[in-house]
Structure formats: structure tokens, C-alpha cells
Amino acid sequence: MNFGSTGEMAMSSVSAPLRGDYGGVQISLKDLADKLNSKQQEAVFLQWGPSLVIAGAGSGKTTVLTRRVAYLLSQLQQAPHSILAVTFTNKAAAEMRARLEKLVGTIVAKQLSIGTFHSICARLLRYDIESYISPEGFRWKSNFVIYDETESMSLIKEAIKKLNFDDKVFIPKEMRHAISAFKNDGKSSAQCARDAREYRDLRVSEIFTAYQQLLAKNNALDFDDLILTFTNLLAQNAEVRNKYRNRYKNLLVDEFQDTNQSQYRMIRLLSADEPFQSSAEERQRLWEGRSLMVVGDVDQSIYSWRKADFRIILGFQKDFKDSTMIKLEDNYRSNETILDAANSIIKNNSERIDKVLRCNRGKGDKIQCHAGSDEIDEAFFVVNELKRLKARGIALKKCAILYRTNSMSRAIEEILVRSHVPYTMAGGTRFYERAEIKDAISYLKLVYNGADGQAFLRCINNPRRGIGDTSLEKVSAFASQNGMTMLEAANRADSVGGLSAKAAKGLRDFALLVERWQNMTAALSVSDQLEMIMKQSGYLPKLEEEANSSKEEIAQDRVDNVKELLAVAKEFDSSADEPTLEAFLTRISLVSDLDAIKSGADAVTLMTLHSAKGLEFENVFLMGLEEGLFPHFRSFEAVPLLEEERRLMYVGVTRAEERLYLTWARRRSSFAGAGGTGTGNYTLVSRFLTEINPELLSGFEEPEAFYREPGVNNNGRGRGYEEGFGDKRSRFGDRENSSGGGYGSRSNGSGGYQEPSGYRDNDYSRGSGGSSGYGSGSSGGKYGSTTSGGSRYPQSNGAGSKGYTPAGQQRSGSTSPFVAGPSNSKPGPISSQQAKPRVLSRKTGDTTPQPIDPPVRDAIVNTNFEKLKSGDRVLHSKFGTGTVTQVIGDGDKELYQVEFATVSGQRVLDPRFAKLVKLD
DNA sequence: TGCCCGCCCCTTTTT
DNA sequence: GGGGCGGGCA
């Protein structure tokens, strides 16, 4: 494949549509080309036909896409409704729309179809799904609902149960995953049944079929169905296919590297008749008046777990023979240091399109690295750097904290809250996943689609209507016997045998209530409906009563959340183009919390690396750079998985414009982290960090050297954290210079510290012994990797990583000058115990110079805990809320006596260690 | 029917 | 270490 050529410019000339069709957008070529480089211009000014734009990180991809749309409108005189732009997230869609509004005006922009694959498919299916019959013979009605993971999971369970399969053998979660994978590959259950060769495959296909049947029965689709169903519909129904083909003559697809087979098939079906076999002339005729532009970057493909397949992008030119390829390699986002780091990381991957990011900016600061002693310490480092940046006049909203897994947000959040640094977070406890929100939405879903059994079950006895599981089973059986929905069966509760009078009445009353709401749908706005339903159902009164009577604050939160949903509905009523219940439910089903990030307030942004794709920040903190966490231990199994992790690292690094911080914790106490079995595992720094040219880094040493730091660190940290970068750099530079011989004297001067490379060794052996650490050795174990022996590294990391060796193996312990350390630490066999005395010695006020871990925490904790006074209300992570009853001591040694409602008696807490958050 | 206890699994990443 | 779910008991 020749990725070097840029191909032909045009396939044909413009054929002008009727005047006015294109909304009268007039933008001159000069304006369209303004500030674009030649490659960008080339992409914007392409004529008809298919094209592939390889757009490196920060290469102005979104600008090209929006200008391209403007060009289609103004120069190729395309009608706004002929343009379909597909993005990967709702947020990206919103941003593209906003930028287009500025470019071509609100009225025209409103007529453009911009959205995610899911939202576009959901919208189009509303019109045409009734003409669709699935390969299994199932049908849906236009008022289908979209099932989220939980709802789809209960259907999976139901399917397994219905088939009398053992859910220990066919684990629902695995089944759901398998079915999702099939769907993303474009496979129906009928196809799976045909393809099945083994017993298990066949059973899985049966579960798949049963699941689809249940979905149809509930008139529901899951996320994957949205795309697959629409794609199948296009393939199946020529009339529908032609309708959309004639309408959407100009397709643009962003983040094309994250497209899966099902999505790609949809694009092909929409774009032009199979161009694969035809002659060049035929193809030219087919593409006359049509265009397709896909934009992507293989190096940023991070969704293979969702069956995204970046090989699609590699094969695009084969599938679309006449496609033009343009590479955008000029990066306008990051400084040279950051780009060099990004390039040095990604070059370790084998499967890529050759591409180099060229820098258009200055060198910039070195990348700041920091090893925290644990995740709290790591978080403190980040927060203190944030504060320092802020003090230098840098707005918090220009900063982002990125991490591999959502669970990592807890530590940093805690410190942010405690330090009064405002933040916004994507993900975490999701609003739409809260029980009360799902309850409220279920009521709406049931009103909208009476067939929705999941919604029915969620609402029927909530609030209590005296209808228990036994009664519901009878209703359910009656419903399926008579081909009814649960709601219909409830309406005929009298005919259902064996119900108590109370249950029967409850069911009937409920059915009537829902019916009444259904009749009022057309007359009321969404928010009015929701408000009415919440009141008349007794749901909101119940919550309010709980909030009033219960001492739990959570009860009040529930009320507030429902009111928040009401506010969302009100906002929707006033802003949506089509403020219908249907549109509201569709939107709610497809939003993610990523979309909710506010850009107004000055707050630091917290999100996962995945969520960060497509965004940019002046200052980026990348946390948790530890083997097992990032790269995640699940990726150790195979090279392609590891390469995806590396791409994720590449994405993270290239988010930064000016400053990049890379941090990790030498010990992580969360359950996850190093993939261990629980508390306090020692970690290894991520291999990705070692892949970066050391000259670009400040504060990073090869792992075995970490533990020689004490002398240096004491000096440095004695001066606290309120110093500039320059200081730090020189400090580390110092150490670099002295590496080789200077440690001996240094250690004497500082009292030294037990060389701990041994305990790391020891930690390994514990790890491989199976009790802790990752790669627990057992091949069948949940966390078992392909790791063998004492090495925690997979055997398969040959693909480009620089032969990284764990520190403990490189240096086997006793050659270090530190071994002959202070008298209070014994040389010789090193046990894991020795990790602990470091902390203990601190507490006893030992005057010997401190090892590296505690001073970090202390230096920061001392200066940052919040001064409390008697009467203050505080929140403790474990004991809940309480009131300060007494302040003991003063200054940095203040202790607080706190009375907690949940814990009998009072407790004296040291604010330096206890996590106390003042409640305002 | 509702509550409580104990167990199990969890922590990739998202539409 | 914790949350969610299921089973058993009041």
C-alpha cells in the first residue's frame, strides 16, 4: 500500500443544484483557506469522491472538517441537509456544530446532520425501523426504547434463565460482551448460529437469539443494535437505502480509526454502490456529486475493546480504489519537548501508518516527573503543582488531570476537595446511573413504550404498591401466555390467577395511571409530564418523606437529583428543536457524562485518558504511570493489547500544549493498581516512561535509582515544594552529574537509608508466589498473565520496548553503598517488613534523616490541612459527618476532637493524617 | 415483605 | 476495602 502519494485532486467538476438549496452560504476561497497550510487546504478543497485524511494529533483536524463542510456548502453548493458528519462523542459533535454555526450561520448549521453513529442511527431508525425484519425474524416499532448496560444485562440473564442454561457456565457478563462483539462485527445471531462449530458457540448463539427476542418483545434496542439494525436495514431495504443515499451525498467521518465493522458497513452502504468491482468510469459516475471524507489517526486508535478496528483505515484505500489520501503532519498544539516524547513513545509500536508529527512551536519546559510514595502523595504533588501554576496566573481550566481508570479519581478528588481546588470530572458516579434517576426515566420510558418490561418492573412496586415478586411472576407468565406486555397484563389483573386482592388492585391502578399519563403525552411538555408522573406515582412524595424522616443525607440527595432531572427536562423543553418525549428519551439514553463538562468555571478537569481524546489542555497531568495500571495488566497478554495501551499513552501525551507532568505512586493501596490482591503493593514505573528520551524528562531516574534518593531528597524537600521548576531541575541535574560515585558520601551525610532494591526483589517473589502482586503465577487465575517465574513482564513485550528489566533483577541487592547503612537498619536478608519502619521511624520522632517517603507527605500535609475551629462541621471519609468539639494544641500540631453521628463517642483526629473535609 | 448478613467480585477504557 | 446482590430469617 502506498501511503506516500496524495492522489488526484478531483474526480469531476461541480454540477450546480438549484439556487438557494445550499442555504446561500457564501464564503470565499480565500477565507476558506485562511491560515491553513497547503495540506489542509488540499483536504478542504477536494472535489467529489472518497478521501482519507491521516491527521496526526493536534494537526488541525477539526478545522479541516469544518472548513470542508463550509466548502461543500459555499463552493460545491451542496444543500445543508445533504451533509452528514459523524463524530465519536456527543461533545465532539456539539463542538463541530458550534464551530460551523460561526462559519455558516445558525440557520444553515441547524440543517446539517451532525452526531455520533449512535445518535444518528437512533434518529433515522425512528422513521424506518417498522419496515425492518431482523435476520431472526424479529420486528420493532418506531417507539422503541434504548436499553443501557444494566437493562440489557437483565435481559441477558432472563435469556439464560429461559433457556435453562447454567449462569455459572454462561456467565451473563461474558455473554453480553460476546454478543456485543458479534454485533459490532456486524453479525446477527442467525449468522452466529450458522457459524457455530462447537457446542459452546452454539449455546451462545442461542442466548444471543433469545436475547434479541426479548429485546424485540420489549420493543427495545441496545447500543450496538442502533448501528447494526440501521446498517442491516440499509442492506435489506433498497428503498430505504436509496432514500438516505440520495439525501446524504456528502459524508464526513471523524475518528475513523475507531470505527468498527458494523459502522464501516453503514458508511459504505450510504456512500455509493459497491465500488469494489466496477470500472474506473463507472466509479467516477457513481461518485459524481458525492463525497466521502474519513479522518483518522491509527496512532490514536484506543477502542479495539469496543471492536473498533484500525485496520479498516489501513484498508480504506483498497476498498475505495480512487480515494485520495492526505497526511496532516504539522502539529500546532504541543511544544517540541512534548512532541518528541510522544514520537519516542509511539515509535515502539509496530502497526502504524508511518507518520511523524512536525513541530511548529518552541522547545518548552522539560516534562516533569514525580514518584509519589503512595497515591495520596502522588495526588498531593499534582495538587500542589496546580496551586503553583495558579499562582503563576495560569487558569485551572487550562489544566487537566488524566488517568487510566476511573477508580483512580478517588485519591486525587479527595485531595482536591481538601485543598479547595475546584474541579470538574467526567465519569465517576454518573448522574444518569443513579437509582432515582433511572427510576424516573423508567416511568417516562414506560409511558413512551408500554412494551418496556424492564421499565415496568422498575416502576411497578416503586413506591410500594403491595406487589411482590411472586405476584409479578404470575403476571409475567400470564403476559407471555397471552402475547401481552406486562402493562397489558397488569390491566387485566383480574384474569391473572392466584393474585391477592391487594396485588390485583395495585396492578390495575398502576396500569390505569400509566394509561392516563400516556393519553396526556401529546398535551404536555416533557418537564410537565415528568413532574406530574413523579407526583402522581407517589415516587417523589416517597423520596421526600424519606428525606424528612431519615437522618441520612443521601435521602435528600435523591430528592435533589430528581429535581435536577426536572431541571434538565425544562432546559430540554426550551432548547430542543423537537421537544418531544421521544427526543428526550433518545437523548438521555445516549448522553455520557463527558458531554456534561462545563467549560465556564475555572476548574481543573479530571477524566480518563479515553475521555480526553480529541481534547487539548495547556497543562496536563498524567497520573498512575505504573506497570500493571498503565499499561494495564490485562494488556500484558498480547502485543496488540500492549500497543493499544501505548497509543493511549500517546493520546495522553499529545493532549498537552505547554506543560506535561508524569506521575506515579511507588505504592498503591487500592484494590486495582498493580493488579494485586489488595492493600499496599509496591509498583514499578511504567515502561512508557522509560521509552521517553531521558533528556526530555526532569525528575525521572531509572527505577533502581529511586531508592538512592534520600540525601538529595531531604535537601530538596527540606526547602519545601514552593520552589520553581528551575530549582528542581538543577536539583535533579545535580544528581545526574553525581551518579556514579557521589552517592557514598552523600549517603553518609544524610545518614543513609537501607538500600531497598532488595525489598523490591522480595516483593517480586511474593508477587509471583501468588499472594500479591500481579502475574500471580497461576495460569488459570483471573489476574494471571503470561508472566512466568519471577519476572513481572510478559514474555511478549519484545515489540519495540527497550528490553526493560525490573530494577530488582538488574541489581541484586548488596552492591549498593547503602547496604552498610545506619545502625538501626540491619543488612542482610531483606524482608518486606523493612518497608514499614520507614514510616514508624517518622512517628517516633527519630532524628536520623528521613527516608524519602514520609517527608513528601509531611511537607505537604503540614502546610495544607485546613484549620478548623470548634463547632465546624466536617466530613471524614470513614466516619461520615461530624462536629468539631474541641481543638487541642495549636499551629501545625493542632488536633481536633470530633463527634461523629455514626460513631459512638468522640474521636481525636490529627488533621495531617485524617482526611477531614470542612463542610461549608 | 423487608431487612440483614455474608459473600463475591470488583477496577479498564464508552456510545 | 467496599459495594451490590442473593439468600435466609423475622
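A quick note: this is a predicted structure, and the numbers were derived from the prediction, not measured.
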Original post:
When rounded to the nearest Å, what value does the distance between C1' atoms of B/dT11 and C/dG6 take?
Top reply: 22 Å
Original post:
For A/K187, does the NZ atom sit with more than 12 other heavy atoms under 6.0 Å from it, leaving out its own atoms?
Top reply: no
Original post:
Taking the six-membered ring of A/Y303 as reference, does the NZ or CZ atom of A/R306 fall below 6.0 Å from its centre and within a 45° cone about the axis?
Top reply: yes
Output the rounded distance in Å from [atom1] ([X]) to [atom2] ([N]).
{"X": "A/E174", "N": "B/dC10", "atom1": "CD", "atom2": "P", "value": "10 Å"}
{"X": "A/M425", "N": "B/dT14", "atom1": "CE", "atom2": "P", "value": "11 Å"}
{"X": "A/L221", "N": "B/dT15", "atom1": "CG", "atom2": "C1'", "value": "14 Å"}
{"X": "A/D225", "N": "B/dT15", "atom1": "CG", "atom2": "C1'", "value": "13 Å"}
{"X": "A/I171", "N": "C/dC5", "atom1": "CD1", "atom2": "P", "value": "17 Å"}
{"X": "A/H177", "N": "B/dT11", "atom1": "NE2", "atom2": "C1'", "value": "15 Å"}
{"X": "A/M607", "N": "B/dT14", "atom1": "CE", "atom2": "C1'", "value": "14 Å"}
{"X": "A/N184", "N": "B/dT15", "atom1": "CG", "atom2": "C1'", "value": "10 Å"}

Original post:
Which comes earlier along DNA chain B counting from the 5' end, the contact point of A/T470 or that of A/L648, where each point is its nearest nucleotide?
Top reply: A/T470
**OP:** Please tell me which of A/E645 and A/K502 maps to the more 5' nucleotide of DNA chain B, matching each residue to the nucleotide holding its nearest heavy atom.
**Re:** A/K502
Original post:
What does A/Q263 touch in the nucleic acid at a heavy-atom separation under 4.0 angstrom: a base, only the sugar-phosphate, or nothing?
Top reply: nothing
**OP:** Check every strand shown and say whether A/I120 touches a base, only sugar-phosphate, or nothing at a heavy-atom separation below 4.0 Å.
**Re:** nothing
**OP:** Kindly write out the residues that satisfy side-chain contact (heavy atoms from CB on, under 4.5 Å) with A/P463, not counting sequence neighbours, or none if the list is empty.
**Re:** A/Y443, A/R465, A/Y539, A/K542
Subject >> With sequence neighbours excluded, residues passing side-chain contact (heavy atoms from CB on, under 4.5 Å) with A/S471 >> reply: A/I467, A/L499, A/A503
Are side-chain N/O atoms of [X] and [Y] paired as donor and acceptor at under 3.5 Å?
{"X": "A/Q257", "Y": "A/E255", "value": "yes"}
{"X": "A/Y211", "Y": "A/D222", "value": "yes"}
{"X": "A/D225", "Y": "A/Y147", "value": "no"}

Original post:
So, A/Y303 and B/dT13: ring centres less than 5.5 Å apart, planes less than 30° off, yes or no?
Top reply: no
Any [X] side-chain nitrogen or oxygen under 4.0 Å from OP1 or OP2 of [N]:
{"X": "A/T608", "N": "B/dT14", "answer": "yes"}
{"X": "A/N406", "N": "B/dT13", "answer": "yes"}
{"X": "A/S611", "N": "B/dT13", "answer": "no"}

Between the protein and nucleotides 2-4 of chain B, which nitrogen or oxygen pairs come in under 3.5 angstrom?
{"unit_1": "B/dG2", "atom_1": "OP1", "unit_2": "A/R464", "atom_2": "NE", "d": "2.7"}

